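Any value given below was found using the heavy atoms of this structure, including those in side chains, with hydrogens, waters and symmetry copies removed. Fair warning: this is a prediction, and the values are worked out from it, not measured in the lab.
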Amino acid sequence: MPRTLLLKNATLLLTMDPARREIPGGFVLIEDRCIRDLGPPERQPDGADEIIDLSGHLLMPGLVNTHHHMFQSLTRAVPAAQDALLFDWLRALYPIWSRITPEMIGVSTQLAMVELMLSGCTTSSDHLYLFPNGVRLEDQLEAAERIGLRFHAARGAMSVGESQGGLPPDSLTEAEPAILRDTRRVIEAFHDPTRFSMRRIVVAPCSPFSVSPGLMRDSAALARATGTRLHTHLAETDTDVAYSRQHFGMTPADYADSVGWLGPDVWHAHCVKLDPGGLAAFGRTGTGVAHCPCSNMRLASGIAPMRRMAAHGIAVGLGVDGSASNDGGDLLAEARQAMLLSRVLHDPADGALTGARDALELATLGGARVLGRDDIGALAPDMAADVIAFDLRRPAYAGALHDPVAALLFCAPQPVSLSIINGRVVVRDGVLATIELPVLTERHNALSRALLTN
């Protein structure tokens, strides 16, 4: 028989449904991995197999992370990279990353996912673009299955090294035929396109400065032949734009168009330096963007033109980006930063987000749209049972309970009290339920020390 779980008595139920309903005292009824009903307290069912009383909590859909590099949690705050801009930051870290092992990938993925989950994330993409020393995408997929996070694994790649005018060392590049073969292999073995899928594969050459135009074209063809999505970095910095103009004679957006990388099945990370023509092209083609404000600030890349993106109807989600360029993985904090950073811009063309609800929409529905999903990002019947709750009785929220939704973003970010992914309780009373966190953290720190001291 189906298992039912009733979440009841929430101080406020934030649905993010088409009507954007906010229901005081609301309930959510979950059956197996799907939401069956929700609404005001007078409609609350009498019972269920399990009942969780959420008095004093805000209940809402899980957050969606659209861009990350989880392996980088091993190399946070490396001294040589602390004050570097993007290209020099990469040059400082590439030699370290070249020593990464399969175990390091698995453990760092678990640690990064734990950090995301405790911040309210229930779905994440990750862009793994280097595969030294026997690393395979399976090292991440197995970690995600154990942790319980809904996962879009992006099979990245680098093929143009320093000897060919690219940025990465040759030792971290792969031959393009091998990249395409392995990408097809993991799609055929692991991609699940069904509704409520917990695992999808993304085709994701790393960046214009680390792969060839030929690989970009072939990757686009592979993705469209297999029904998978496309992801890469684009227009992140002025140096990035200069590279595109020097090597391809085009703006980043024009280059993306020339290799088949615009369309509703594509999303690009950053896009800080998209020009007016690029913004128009993204809007016209339905191409998405992963907005990563903390990383863009950390690397002094600039501020993405969010208001202009909205004016063009561009799909935008949030990404915490790499844990060595953020240097964290707190998605609620990323949403807060997106809201605050937009207010720094005084150009009326960019404007400020109108409030916390806009930032939370980026972190839920926006991320779902960017990842091509219509089963997550909101609470409604027949949506995935990805639900989180924040304890409003925490001192950080004191004095802000006249608007609990705004409290989540205007007050200091707090960890979730409850997280349910695909109908499974993964965080209960603020404690991770799927893995022993102290053991994981200790092993992660040991591997980080070994990586940086070899």
Side-chain angles (χ1 to χ4, degrees), residues 5-30 35 37-44 51-65 116-123 318 330-343 352-368 376-380 383 385-421 425-431:
L5 170 61
L6 176 63
L7 311 176
K8 68 175 188 177
N9 299 334
T11 296
L12 187 69
L13 170 60
L14 175 65
T15 65
M16 302 303 292
D17 67 5
R20 302 298 189 269
R21 287 182 298 162
E22 299 178 10
I23 305 172
F27 75 90
V28 173
L29 179 65
I30 295 169
I35 294 172
D37 197 11
L38 77 168
E42 57 267 25
R43 288 190 44 242
Q44 182 175 289
I51 298 174
I52 300 177
D53 191 315
L54 290 175
S55 300
H57 289 71
L58 184 144
L59 187 61
M60 65 175 289
L63 309 182
V64 180
N65 180 38
L116 285 169
M117 287 164 63
L118 291 175
S119 73
C121 181
T122 55
T123 299
L318 293 180
D330 188 317
L331 193 50
L332 186 65
E334 202 73 33
R336 182 176 192 263
Q337 195 66 65
M339 180 187 73
L340 296 178
L341 185 59
S342 72
R343 295 170 176 229
L353 293 172
T354 56
R357 287 163 176 81
D358 299 287
L360 288 174
E361 184 156 334
L362 289 178
T364 52
L365 289 168
I376 61 173
L379 302 183
M383 294 290 280
D386 289 5
V387 187
I388 59 175
F390 292 91
D391 188 346
L392 297 171
R393 298 165 297 188
R394 286 177 170 270
Y397 297 132
L401 299 187
H402 38 270
D403 189 346
V405 177
L408 290 186
L409 273 292
F410 280 93
C411 301
Q414 302 296 301
V416 292
S417 175
L418 175 74
S419 178
I420 297 168
I421 303 178
V425 177
V426 294
V427 177
R428 191 187 295 267
D429 296 325
V431 179

Practice task
Compare all side-chain heavy atoms of Ile421 with those of Asp386 and state whether any distance is below 4.5 angstrom.
Solution key: yes
Practice task
Report yes or no: does Gln414 contribute a side-chain atom to a donor-acceptor pair with the main-chain N or O of Ala412 at less than 3.5 Å?
Solution key: yes
Practice task
Applying side chain to side chain donor-acceptor pair (under 3.5 Å), name anything that partners Thr15, two or more places apart in sequence or on another chain.
Solution key: Asp17
Problem - Minimum side-chain heavy-atom gap Arg20-Leu365 below 4.5 Å - result: yes
Problem - With sequence neighbours excluded, residues passing side chain to side chain contact (heavy atoms under 4.5 Å, CB included) with Leu118 - result: Val114, Val427, Leu437
Problem - Which residues share a salt bridge (charged side-chain N to carboxylate O under 4.0 Å, His left out) with Asp330, sequence neighbours left out - result: none
Handout entry: Any Glu334 side-chain heavy atom under 4.5 Å of Leu63 side chain
Key = no
Problem - Listed partners of Pro40 passing side chain to side chain contact (heavy atoms under 4.5 Å, CB included), at least two apart - result: Ile23, Glu42, Arg43
Problem - Set of salt bridge (charged side-chain N to carboxylate O under 4.0 Å, His left out) partners for Arg393, sequence neighbours left out - result: Asp391
Problem - Residue list, side chain to side chain contact (heavy atoms under 4.5 Å, CB included) with Ala407, at least two apart or on another chain - result: Tyr397, Ala400, Cys411
Exercise for the section: May I ask you to test the Leu332-Leu409 pair for a side-chain heavy-atom distance under 4.5 Å? Expected result: yes
Handout entry: Main-chain N/O of Leu14 paired to Arg21 side chain as donor or acceptor, under 3.5 Å
Key = no
Handout entry: Closest non-hydrogen atom pair between Ala380 and Leu38, with its separation
Key = CA-CD2, 3.9 Å
Exercise for the section: Identify the residue among Val387, Leu12, Ile52, Thr11 that makes a side chain to side chain contact (heavy atoms under 4.5 Å, CB included) with Leu59. Expected result: Val387
Exercise for the section: Give a yes or no answer on whether the side chain of Ser417 reaches the backbone of Ala389 with a donor-acceptor pair at less than 3.5 Å. Expected result: no
Problem - Side chain proximity check, Pro61 to Ile376, heavy atoms < 4.5 angstrom - result: no
